[in-house]
Protein chains: 2
Amino acid sequence: MIKLSTKGRYGTRLMVNLARHYKNSNEPTILKNVSEEEGISIRYLEQIIIPLKINRLVKSIRGAGGGYILARKPTEIKICDILHALEGSCSLVECIEDETFCEKIKTCGTYEIWKGATELLRNYFEKLTLQDALEICEKKISAAKKRPKIK
Amino acid sequence: MIKLSTKGRYGTRLMVNLARHYKNSNEPTILKNVSEEEGISIRYLEQIIIPLKINRLVKSIRGAGGGYILARKPTEIKICDILHALEGSCSLVECIEDETFCEKIKTCGTYEIWKGATELLRNYFEKLTLQDALEICEKKISAAKKRPKIK
DNA sequence: AATATATCAACATAAATTTATAGGAATTAT
DNA sequence: ATAATTCCTATAAATTTATGTTGATATATT
Ligand code: FES
Ligand code: FES
C-alpha cells in the first residue's frame, strides 16, 4: 500500500552513502562503489541520481578520478529534499497536489484524512537530515563491529 | 513516491459510501450505485471489495436484492483496518515487515527513518474510524448544499 | 599524445506489478 | 422463468523496476 518507491528508497540510501564519504574526504565517490556497497545496479543508480543532480543535492565530476559528491553538508540536506527531488511530491494522494485529480473532492470524506497523514509525514521528513541518517548508520556499523560473531 | 495505491484509495471511499447507507437503513448497497456515486467501474470495485470481505469488514448478500453492508458499525471500523485489509501491511517499506527483504538492514541508515514514519502513520490511522470519515463527508455535503451556486 | 577512467546521454527492452475492463457462472428475490 | 446481483477467472493496458547498448565527453595519469 503506502509504499515508498524503490527510487525513493534506493535514492536515499545512495545519499547516505555519499554522506559517509563526504565526511571522510573530499574525493568524489564513484557509482561503481555505491553499487557494490548498496547492492544496487550501476545502471539503475545512474537513472536515480539524475533528479538528485538536477535538484542540486549532488555535484558530478566528470572524467577519470571523477564521481559524485554531496552539494552541501549532510546537516543541510533534509530527507524531505531528497524525497522531493526523487519523486516530485511528498503527498500520499494526487488530489493533495492537484485539486482536479479527483472529481469528488468537494464531497469526499477521505480527502482530509489523507491530507492529515501527508502533513504528518512531511513534518517528520522536514525535521530529519542526512546527518541524522549518517549517525544512525555509523552507530549501527560500529555496533556490528563490536560483536562480529553474534548472530 | 509515497503514494497510496488506487486499491487503498478507492477501497476506503467504497467503505465510506457503505457507511453512508449503513446509517440510513439496513438494506444492502449494490456496487452499481457505488460505482455511479464514486466514479469507479463496477468491475474494479468487485475486485477491491474481495479483501474487504475476506477480512470481515463487509458482508455480502448474493442474488437479486442483494449487495453489501458493513459488518460492523462505522465507529468500530478503523481506517487502519481498511488499509490493512486492502494492502496486507501498513509499512512504508517492505523491510519493516520482512527483515530479510533488505540485505543491508544491519547497517542501513535509512531503516530507522522509514520505521519512524511507518509508526507515525500507523498511529494516525489507528485513531481514525469510518465514523470520522463519515462525519467529514456529511459536513462537506451539507456545506455544498447550502451554497449550491457559489463556485 | 595516448590511454584509462568516469560521467553523460539517449535509447531500447525485459520483467514485474498495478490498474482496469470483460465474459460468464452461480445465487436469489420476484 | 426472469432479472438482479455477487462471484470467479481471464486478459488487456499502463506503469514501475531493472538491465543493456552504444557512444560522446571530460579528465587524470603515463
Ligand atoms: S478527493 Fe481524492 S481521494 Fe477523495
Ligand atoms: S533496510 Fe530496507 S531500506 Fe534500509
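Quick note: numbers below take in every heavy atom, side chains included, and nothing from hydrogens, waters or symmetry partners. Residue numbering restarts at 1 for every chain, and letters A, B, ... go by the order of the sequence lines. None of the values given here were measured: they were computed from a predicted structure.
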Considering only C:dA29, D:dA18, D:dC8, which nucleotide approaches the side chain of B:A64 most closely?
C:dA29
Quickly work out the B:K7 NZ to D:dT15 P distance and round it to whole Å.
19 Å
Using the closest heavy atom to pick a nucleotide of DNA chain D for each, name whichever of B:G66 or A:Y44 lands nearer the 5' end.
B:G66
Option among B:E126, B:Q131, B:H84 that satisfies the side chain to side chain donor-acceptor pair (under 3.5 Å) test with B:K78:
B:E126
Whole Å only: how far is the CG atom of A:L45 from the P atom of D:dT17?
14 Å
Donor/acceptor link under 3.5 angstrom from A:R62 side chain onto base of C:dT7:
yes
Test for a donor-acceptor pair under 3.5 Å between the base of D:dT9 and the side chain of B:E46, counting only N and O atoms.
no
Approximate separation, where rounding is to 0.5 Å, of B:N17 CG and B:T12 OG1
12.5 Å
Can you see if the side chain of B:S41 gets near the phosphate of C:dT21 - specifically, an N or O under 4.0 Å from OP1 or OP2?
yes
Note: for A:Q47 and B:I50 on DNA chain D, the residue whose nearest nucleotide lies more 5' is B:I50
D:dA18, OP1 or OP2 - any side-chain N/O from A:T6 closer than 4.0 Å?
yes
Rounded to whole Å, please give me the gap between CD in B:E94 and C1' in D:dT17.
14 Å
Just the rounded figure in Å: distance from C1' of D:dT6 to CD1 of B:I49.
10 Å
Give the rounded distance in Å between these two atoms: CG of B:N33 and C1' of D:dT6.
14 Å
Could you state the CZ-P distance from B:R43 to C:dT18, rounded to the nearest angstrom?
22 Å
Rounded to the nearest Å, what distance is computed from the CD1 atom of residue A:I30 to the P atom of nucleotide C:dA6?
4 Å
Report which part of the nucleic acid A:I42 touches: base, sugar-phosphate, or nothing (heavy-atom distance under 4.0 Å, all strands).
nothing
Working to the nearest 0.5 Å, report the span between CG of A:L70 and CZ of A:R72.
9.5 Å
Mind checking if A:K53 touches a base, just sugar-phosphate, or nothing, with heavy atoms under 4.0 Å?
sugar-phosphate
Any side-chain N or O of A:Y10 below 4.0 angstrom from OP1/OP2 of D:dA18?
yes
Could you tell me whether A:L31 contacts a base, only the sugar-phosphate backbone, or nothing, with contacts defined as non-hydrogen atoms closer than 4.0 Å?
sugar-phosphate
Give the rounded distance in Å between these two atoms: CD1 of B:I61 and C1' of D:dT5.
11 Å
Residue that, paired with B:L86, satisfies side chain to side chain contact (heavy atoms under 4.5 Å, CB included) out of B:N55, B:L14, B:L52:
B:L52
Euclidean distance, A:L120 CG relative to A:K115 NZ, rounded to 0.5 Å:
14.0 Å
